[in-house]
Undergrad: 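I'd like to ask some things about the structure below.
What's counted below: heavy atoms across the whole structure, side chains too, no hydrogens, waters or symmetry copies.
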Amino acid sequence: MLENGFEPVFRFLVNLKDQILLKDSILVLIVDERALEEKHAFLLQREFKKIL
């Protein structure tokens with residue numbers, strides 16, 4: 001995210017999630033929400049299921 005910004009990384013993760021769902025697999029993201037802006041953390045939480 002430091003090199004490309006949040007939006008391109010978010011689009012990549014959503015695309016990756018879609019590909020993983022097609023293959024009936026899982027993706028585990030480890031995110032420190034303190035490192036994100038509040039709106040970015042909300043977008044990630046909305047798109048990905050929180051397990052902890």
Undergrad: Cut-off 3.5 Å, no hydrogens considered: what does the side-chain donor-acceptor table look like for residues 30-45, sequence neighbours left out?
TA:
unit_1 : atom_1 : unit_2 : atom_2 : d
Asp32  : OD1    : Arg34  : N      : 3.1
Asp32  : OD1    : Arg34  : NE     : 3.0
Asp32  : OD2    : Arg34  : NH2    : 3.0
Glu33  : OE1    : Gln45  : NE2    : 3.2
Glu33  : OE2    : Gln45  : NE2    : 2.8
Glu33  : OE2    : Lys50  : NZ     : 3.4

Undergrad: Quick one: salt bridge (Lys or Arg N to Asp or Glu O under 4.0 Å) pairs with a partner in residues 15-31, sequence neighbours left out?
TA: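 For residues 15-31, and leaving out neighbouring residues, the salt bridge (Lys or Arg N to Asp or Glu O under 4.0 Å) pairs sorted by first residue read Lys17-Glu47.
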
Undergrad: For Leu22, look at atom CG and say whether over 12 heavy atoms of other residues, nucleotides or ligands are found less than 6.0 Å away.
TA: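 Yes, enclosed.
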
Undergrad: Which pairs of donor and acceptor atoms, one on a side chain in residues 1-12, lie under 3.5 Å apart (sequence neighbours left out)?
TA:
none

Undergrad: Roughly how far, to the nearest 0.5 Å, is CD1 of Ile26 from CG of Leu21?
TA: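 Answer rounded to 0.5 Å: 11.0 Å.
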
